[in-house]
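A short worksheet on the structure shown next.
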Amino acid sequence: MGIKAITFVSALVFASSTYAQDSNQLNVEGEIYASTVAAPSHMENVDTLYSGWHFRSGETQALQLDDFDNPGMVFIDQGIDLFGKVDGSEGKSCESCHENVEDFAGLRTALPRVENGELVAMEDLVNECRTERMGADAWKWSSTNMTAMTGLIGFQSRGMPMSVKIDGDAAEFWEKGKELYYTRVGQLDMACSNCHEDNYGVMIRADHLSQGQINGFPTYRLKNAKLNSVHARFKGCMSNIRATPFKEGGNEFKALELYIASRGQGLAVETPSVRN
Amino acid sequence: MKYLLGVVLASGFLTSVAIAETTSPSSVKFTDDGVMASLTGKAGDAKSGRSVFANRKLGNCLACHINSDLSEQSFHGEVGPPMDGVADRWSEAELRAIVANSKVIFEGTIMPAFYIDAGYERPLEKFAGKSILSAEQVEDVVAYLLTLKEE
């Protein structure tokens, strides 16, 4: 009796926790976002792409639907202040040259990209303007100022489909990222693919595994109550499998970012998304 | 001085005995029937194995396996098969092989090898050259799994 009753209860718990990915629509501020789309042809083992939003609990999901409830919006506001703030030896703010932040619409969907033979992420573009054009110090990759700024710039593309370039001079970086995605690392000896490709939709202890998409970054996490960069998230997943993470802003993580962005081809940008 | 030397000798003697009885990760023998001999030369303790199974810093087996015997724990993962009745499906030697190095039994599995100390890339420094579980903990987990019978 005891055992039967317990099995029944746990069956119920698991049934209700795996419901998510097909059941509802991501409707942000009254606009329906592409949060499930057909996978691009380069993905051999996955047919449908799902935003990470689908795998979160109802309460967490709700926070992203209305900008008044979205706790990430505070940081977008901080980004607006920073955009107008003079800094550095040239006495300039971002606004001195970029009159309207809305002109950055579409940029998030296309990064990282290759410039002069190097793979460039949004953080690189921001720091290039700070150091070369403002005479200001570079911001650290995942600092509060940087995520506020990449949040603000990414927000201008919200709702637009992800579409990084992966051919031509991007191909070698993309291949490198793909290799990293499928390489097992750490004492637990796992690859990103083991969790985010082979087991999305499945519970791993208390977590509902998603496809590990990056269309919502920087992401507000309830866990640390701030915006989190793509590379900080990669770092966290590597540490969890007891692997030495690559450097934030380094070539490995940028290549991985390009590859994973390409695995999100067509998903709407959700910046700032809300996750646990 | 004489006394100190005696202590040093005695403890040296004790450790070498312990080492002789414990099979190191690299010398575990896998046969077609599994790993036949206990890694410690002794039977494991099922009660302690139960806590290794649940402990997030040790086995964390519950991350991937539903287990009705641990219903007091609120989150059971579902990456692998449920552990209910696992002792009806596998022998002791097979369970020891699965826990020590699941990859020998299930090719390409996501399940970590719990008793290897090399062959993985880029470990965090504090885990380099170490196995996830000690020989004792492996034996304790095996003893615990053997209690999970349905028939």
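From a predicted model like this one, the values you see are computed outputs, not experimental measurements. Computation of the quantities below employed the complete heavy-atom set of this structure, encompassing side-chain atoms and omitting hydrogens, waters and symmetry-equivalent molecules. In what follows, every chain begins at residue 1, and chains take the letters A, B, ... in the order their sequences are listed.
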With a 3.5 Å distance limit and no angle check, can you tell me whether D124(A) reaches the backbone of A121(A) through a side-chain donor-acceptor pair?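 A pair under 3.5 Å: yes.
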
Parallel, tilted or perpendicular: which one describes the rings of [X] and [Y], with boundaries at 30° and 60°?
X	Y	value
Y259(A)	H42(A)	tilted
F53(B)	H65(B)	tilted
Y50(A)	H54(A)	perpendicular

Test: E252(A) and K235(A) ion pair at under 4.0 Å: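 No, E252(A) and K235(A) are not salt-bridged.
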
Salt bridge check, R89(B) against E94(B): does any charged N sit closer than 4.0 Å to a carboxylate O?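 Salt bridge flag = no for R89(B) with E94(B).
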
Check the pair D69(B), L148(B) against side chain to side chain contact (heavy atoms under 4.5 Å, CB included), reporting the backbone distance first and the verdict last. CA-CA 8 Å; D69(B) 180 58; L148(B) 303 177; 3.8 Å; yes

In residues 176-193 of chain A, which residues are in contact with chain B at a heavy-atom separation under 4.5 Å?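 From residues 176-193 of chain A, the residues near chain B are R184(A), V185(A), G186(A), Q187(A), L188(A), D189(A), M190(A).
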
Count the heavy atoms of every other residue, nucleotide or ligand shown that sit under 6.0 Å from CG of D88(B), and state whether that count exceeds 12.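 Yes, the 6.0 Å shell around CG holds more than 12 heavy atoms from other groups.
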
Can you check whether anything in residues 113-141 of chain B gets within less than 4.5 Å of chain A, heavy-atom wise, and list it by number?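 From residues 113-141 of chain B, the residues near chain A are Y120(B), E121(B), R122(B), P123(B), L124(B), E125(B), F127(B), K130(B), S131(B), I132(B).
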
Select, from A243(A), C195(A), S239(A), the one with the greatest count of heavy-atom pairs under 4.5 Å involving chain B.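 Winner by heavy-atom pair count: A243(A).
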
Looking only at heavy atoms and a cut-off of under 4.5 Å, which of N199(A), I241(A), N194(A), I204(A) has the most pairs with chain B?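 Top count of heavy-atom pairs under 4.5 Å with chain B: I204(A).
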
Donor on one side chain, acceptor on other, S51(B) and S48(B), under 3.5 Å: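 Side chains of S51(B) and S48(B): no pair found under 3.5 Å.
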
Where is the tightest heavy-atom contact between I260(A) and G212(A), given as atom of each residue plus distance?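 Closest approach of I260(A) to G212(A), heavy atoms only: CG2-O, 3.5 Å.
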
